[in-house]
Amino acid sequence: STLVTLNENNAVIFWDVTRTWPLGDSVAQETDVASSTALSPDGRTLAISEANGINLQDVTSNIVINTFSNDHVSRVNSVSLSPDKNILLTAGEDGKTIVWDLKTFQPLSDPITGYSIFSPGGKFVAFVDGIKNTTTLWSLASQQVIGRPFSGQNVIFSVDEKFVTVGDAIKNTVTLWDLTVEQAIGEPLVAQSTAFSPDSKTLAVMDGYTTTLWDLTTQKVIGEPITG
């Protein structure tokens with residue numbers, strides 16, 4: 001098991017968390033100055049954003065898999081790997097996100113405004129523009145934008161990636177989107193927050209002290225709203 005941290009000098013440090021003595025004694029390696037790191041879900045690949053580019057490194061062997069240039073006009077603030085390790089997202093101080101194809105190490109599109117969020121399985125990316133208060137959904141399969149930008153910034157995907165909600169704290173509304181047909185379901189709901197059930201069959205919609213449960217299969221309300 002491995003833990004990755006950035007120290008006060010922005011150097012990447014690998015820690016072996018299986019050892020029983022203090023973690024400070026378990027430094028495995030330091031790399032050049034870095035601004036951000038991301039570990040793949042399987043813990044085997046590490047993306048490191050550095051001043052001159054982005055490194056992909058094998059955690060087990062500590063060997064650099066590939067290095068490619070930073071196409072941002074400024075420093076990279078964060079990096080994120082898709083669950084299948086085929087896609088890398090880099091977000092820069094320029095307010096843009098670049099989607100990288102790790103098979104070709106080339107961008108899949110022009111830089112997109114906003115920070116980004118992967119869906120649980122990595123099929124979709126949500127790009128959130130904090131200035132415009134909008135969210136744009138992007139399909140990695142088609143490499144195209146899905147529908148129109150939504151109003152709001154609070155993005156929640158269902159576990160099965162069939163649905164997504166986008167909440168607008170300014171308008172106090174939530175939009176529910178069916179990703180299988182790429183269409184919004186009904187009109188935006190009045191709500192402060194939402195939560196999907198683990199089986200992705202039910203959506204809880206919270207408005208103040210009232211919670212309404214929705215059956216996502218029938219797209220109908222389940223019973224009476226719950227208060228308290």
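Numbers for residues simply follow the sequence, beginning at 1.
- Counting only heavy atoms from C-beta outward, the side chains of S80 and F118 approach each other to under 4.5 Å.
- Proximity of a side-chain donor or acceptor of T97 to a complementary backbone N or O of G114 within less than 3.5 Å is detected.
- In the hydrophobic cluster analysis, where Ile, Leu, Val, Met, Phe, Trp and Tyr join through side-chain heavy atoms closer than 4.5 angstrom, I146 is grouped apart from L140.
- With contacts defined as side-chain heavy-atom distances shorter than 4.5 Å, the pair D101/N86 does not qualify.
- Residue T134 comes nearest to P149 through the heavy atom pair CB-CB, 4.3 Å, listed as atom of the first residue, atom of the second, then distance.
- Taking OG of S142 as the start and CD of E182 as the end, the distance is 6.5 Å to the nearest 0.5 Å.
- Residue K123 qualifies as open at atom NZ: its count of foreign heavy atoms under 6.0 Å is 12 or below.
- Considering only heavy atoms from C-beta on, V125 comes within 4.5 Å of L89 through its side chain.
- Looking at every heavy atom in both residues, P107 comes nearest to I98 through CB-CG2, 4.0 Å.
- At a threshold of 4.5 Å between side-chain heavy atoms, the hydrophobic network of Ile, Leu, Val, Met, Phe, Trp and Tyr places I65 and W100 in one connected group.
- In the hydrophobic clustering of ILVMFWY residues, with side-chain heavy atoms under 4.5 Å counting as a link, F124 and V166 come out together.
- Hydrophobic clustering places L216 together with V205 (ILVMFWY residues linked when any side-chain heavy atoms are closer than 4.5 Å, directly or through intermediates).
- No side-chain donor from either of Q144 and S139 sits under 3.5 Å from a side-chain acceptor of the other.
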>> Set out, in order, the CA-CA distance, both residues' side-chain angles and the distance that settles side chain to side chain contact (heavy atoms under 4.5 Å, CB included) for I222 and W214, then state yes or no.
In response: CA-CA 6 Å; I222 302 173; W214 284 80; 6.0 Å; no

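- Tracing side-chain contacts under 4.5 Å through hydrophobic residues (I, L, V, M, F, W, Y), one reaches I156 starting from L203; they form part of the same cluster.
- A side chain to side chain contact (heavy atoms under 4.5 Å, CB included) with Q183 is found for one member of I185, V181, L179, T180 and no other, namely V181.
- Side chains of F163 and F157 form no contact here, defined as non-hydrogen atoms less than 4.5 Å apart.
- The line from CD of E224 to CG of L213 is 11.5 Å long, rounded to the nearest 0.5 Å.
- Side-chain atoms of N133 and D168 form a donor-acceptor pair, as typed in the model, at a separation below 3.5 Å.
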>> What verdict does the salt bridge (Lys or Arg N to Asp or Glu O under 4.0 Å) test give for K85 and D42, after you've listed the backbone C-alpha separation in whole Å, the side-chain angles of each residue and the deciding distance to 0.1 Å?
In response: CA-CA 9 Å; K85 299 187 289 186; D42 63 8; 2.9 Å; yes

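- Residues T175 and T135 form no side-chain contact, since every pair of their non-hydrogen atoms from C-beta on lies 4.5 Å or further apart.
- A search for ring pair (Phe, Tyr, Trp, His ring centres under 6.0 Å) contacts involving F150 returns W177, not counting sequence neighbours.
- Taken from NZ in K171 to OG in S151, the straight-line distance is 3.5 Å, to the nearest 0.5 Å.
- Nearest heavy-atom pair across Q219 and D178 is NE2-OD2, 4.1 Å.
- With a 4.5 Å cut-off on side-chain heavy atoms, I54 and L88 count as touching.
- Judged purely by atom type and a 3.5 angstrom limit, E161 uses its side chain to pair as donor or acceptor with the backbone of G121.
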> Going through the checks in order, is the side chain to side chain contact (heavy atoms under 4.5 Å, CB included) test met by Y209 and D207?
Replying inline: CA-CA 6 Å; Y209 293 103; D207 179 20; over 6 Å; no

> What do the steps show when you test T45 against Q57 for side chain to side chain contact (heavy atoms under 4.5 Å, CB included), and what is the final call?
Replying inline: CA-CA 6 Å; T45 305; Q57 186 161 331; over 6 Å; no

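- Within the model, atoms CG of L189 and CG of L176 stand 7.0 Å from one another, a figure rounded to the nearest 0.5 Å.
- Nearest heavy-atom pair, P225 versus T212, reported as atom, atom and distance to 0.1 Å: CB-OG1, 3.9 Å.
- Inter-residue side-chain proximity for I48 and L46 is flagged as met; some heavy-atom pair is nearer than 4.5 Å.
- Counting only heavy atoms from C-beta outward, the side chains of T202 and F196 never approach each other to under 4.5 Å.
- Of the inter-residue distances, the one linking N172 atom CG with Q192 atom CD reads 4.0 Å to the nearest 0.5 angstrom.
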>> Please evaluate residues V99 and W138 with respect to the criterion side chain to side chain contact (heavy atoms under 4.5 Å, CB included), reporting the C-alpha separation (whole Å), side-chain torsions for both, the decisive distance (0.1 Å), and the verdict.
In response: CA-CA 10 Å; V99 183; W138 208 71; 3.8 Å; yes

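- G223 approaches V221 most closely through the heavy-atom pair O-CG1, 3.4 Å.
- Of the candidates N66, D84, L56, L56 is the only one forming a side chain to side chain contact (heavy atoms under 4.5 Å, CB included) with L102.
- P41 and P83 get closest at one heavy-atom pair: CG-CA, 3.6 Å.
- For the 3.5 Å distance criterion, the side chains of N55 and T67 qualify, holding a donor opposite an acceptor.
- Listed for the S200 side chain is a donor-acceptor partner under 3.5 Å among the backbone atoms of V159.
- Using modelled atom types, one finds a donor on one side chain and an acceptor on the other under 3.5 Å when comparing T113 with K96.
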